[in-house]
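To keep things clear, I will list the structure first and then write my remarks on it.
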Amino acid sequence: MATHVITGAGSGIGAAVARRLHARGDEIVLHARDAGRAKELAAALPGARTLVGDLADPDKLSWALSHQSLPDRVDSLLHIAGVVDLGPVGELTPKTWRHQLNVNLVAPAELTRLLLPQLRAAQGQVIFVNSGSGLNAHAEWAAYAASKHGLKALADALREEEHGNGVRVTSVYPGRTASPMQAKVHQQEGREYDPARWIDPESVATTIVMALDLPRDAEVNDLTVRPGR
């Protein structure tokens, strides 16, 4: 039975992946920002374990995890949590920049560092759910795109560093996906949100599970998923 640590399991792609892995009997460890949220996640997926730590404050993640029971081995670490706040460069404040960089980039780097011994023990896999914005930046997306471009760099460097340890690293670049985050983006853009126009989170979950289940003789490095309609 494989053990998977998942961030962002409360909604969207993260929730779809967590349900998929839970349904097939794998052990899942769900990251939550606080104890209340951890209780909600565990109730939704009976038998799931939780880890608590605020991704918005990555400096404290090491302390938080040191006071909790970590799995002995981690077959996959799935970084799916993320935040987005749009705005032109001329109006983005340092606080807005830091929040997106912390949650989308620094926290994944820190969680990876903290769980690397368990990933190495299992010859596991790290999956970074990135974004189309990690490949191209557009007007009013500077801070979010910068965090996601940085996430690509993190994944690329980690892949080279850990190849000899048998750790696989995959970046997934979904296009717009029907989720609460996408609803927020449309609100910020002043556009009507129609989830039927965008990728179903279950479709992205299918690609992630495919990458996880790929035989050990191969590795998916980069996987781009775009709306099919």
query: Of all heavy-atom pairs between Glu219 and Val169, which one has the smallest distance, and what is that distance?
result: OE2-N, 2.9 Å
- prompt: Nearest heavy-atom pair of Ala56 and Asn102: which atoms, and what distance?
  reply: O-ND2, 3.4 Å
- prompt: CG/Asp156 to CD/Glu161 distance, rounded to the nearest 0.5 angstrom?
  reply: 11.0 Å
- prompt: Can you list the steps and then say if His22 with Leu30 is a side chain to side chain contact (heavy atoms under 4.5 Å, CB included)?
  reply: CA-CA 11 Å; His22 180 263; Leu30 308 177; over 6 Å; no
field: Close side-chain approach of Val29 to Val74, heavy-atom, < 4.5 Å
entry: no
task: Working to the nearest 0.5 Å, report the span between CG of Leu55 and CG of Asn104.
output: 9.5 Å
field: Distance-minimising heavy-atom pair for Ala142 and Val89
entry: CB-CG2, 3.6 Å
task: For the pair Gln188 (side chain) and Leu86 (backbone), establish whether a donor and an acceptor sit closer than 3.5 Å, ignoring hydrogens and angles.
output: yes
query: Is there a side-chain contact between Arg49 and Pro71 (heavy atoms, below 4.5 Å)?
result: yes
statement: Output for pair (Leu158 CG, Arg113 CZ), nearest 0.5 Å, gives 13.0 Å
query: Quick one: do Leu78 and Val103 end up in the same hydrophobic cluster if we chain Ile, Leu, Val, Met, Phe, Trp and Tyr together by side-chain heavy atoms under 4.5 Å apart?
result: no
- request: Answer yes or no: is there a donor N or O on one side and an acceptor on the other, between the side chain of Arg216 and the main chain of Gly166, under 3.5 Å?
  value: yes
query: What are the two closest heavy atoms between His79 and Leu111, and how far apart are they?
result: CE1-CB, 3.9 Å
query: Which value, rounded to the nearest 0.5 Å, describes the distance between Phe128 atom CZ and Lys148 atom NZ?
result: 10.5 Å
message: Is there a path of hydrophobic side-chain contacts, each under 4.5 Å between heavy atoms of I/L/V/M/F/W/Y residues, joining Leu116 to Val126?
response: yes
task: Could you tell me whether Arg37 and Asp34 make a salt bridge, using a distance below 4.0 angstrom between a side-chain N and a carboxylate O?
output: no
query: Side chains of Arg20 and Thr206: donor-acceptor distance under 3.5 Å anywhere?
result: yes
query: Who else is in the cluster with Leu135 when I, L, V, M, F, W and Y are joined by side-chain contacts under 4.5 Å?
result: Tyr173
query: Checking side chain to side chain contact (heavy atoms under 4.5 Å, CB included) for the pair Val17/His4: CA distance, chi angles, key distance, verdict?
result: CA-CA 10 Å; Val17 170; His4 310 279; over 6 Å; no
- request: Decide yes or no on side chain to side chain contact (heavy atoms under 4.5 Å, CB included) for Val204 and Ile208, but give the supporting numbers first.
  value: CA-CA 6 Å; Val204 183; Ile208 291 171; 4.1 Å; yes
message: Applying side chain to side chain contact (heavy atoms under 4.5 Å, CB included), can you list everything that pairs with Gln68, at least two apart in sequence or on another chain?
response: Leu51, Val52, Ala64, Leu65
task: Taking all non-hydrogen atoms of both residues into account, name the closest pair between Asp75 and Met1 and its distance.
output: OD2-O, 4.4 Å
task: Quick one: pull up CD in Glu162 and CD in Gln123 and give me the separation to the nearest 0.5 Å.
output: 11.0 Å
- prompt: Are any non-hydrogen side-chain atoms of Ser133 and His138 less than 4.5 angstrom apart?
  reply: no
query: Taking it one step at a time, do Gln118 and Thr3 satisfy side chain to side chain contact (heavy atoms under 4.5 Å, CB included)?
result: CA-CA 10 Å; Gln118 291 90 333; Thr3 299; over 6 Å; no
- prompt: Which word best sums up how the rings of Trp141 and Tyr144 line up, parallel for under 30°, tilted for 30 to 60°, or perpendicular for over 60°?
  reply: perpendicular
field: Residue pair Thr170 / Gln125: nearest heavy atoms and the distance that separates them
entry: OG1-NE2, 2.9 Å
query: Should the heavy atoms of other residues, nucleotides or ligands under 6.0 Å from CG of Asp72 be counted, would the total exceed 12?
result: no
- prompt: Looking at CD1 of Ile127 and CG of Leu77, how far apart are the two atoms once the value is rounded to the nearest 0.5 Å?
  reply: 9.5 Å
- request: Answer with yes or no whether the hydrophobic clustering places Val225 together with Ile13; edges join I, L, V, M, F, W, Y residues whose side-chain heavy atoms lie under 4.5 Å apart.
  value: yes
- prompt: Cluster question for you: counting only ILVMFWY and a side-chain heavy-atom cut-off of under 4.5 Å, with indirect links fine, are Leu61 and Leu154 together?
  reply: yes
- prompt: Do Val172 and Leu212 share a hydrophobic cluster, counting only Ile, Leu, Val, Met, Phe, Trp and Tyr and linking them when any side-chain heavy atoms are less than 4.5 Å apart?
  reply: yes
query: Can any side-chain N or O of His163 pair as donor or acceptor with the backbone N or O of Arg159 at less than 3.5 Å?
result: no
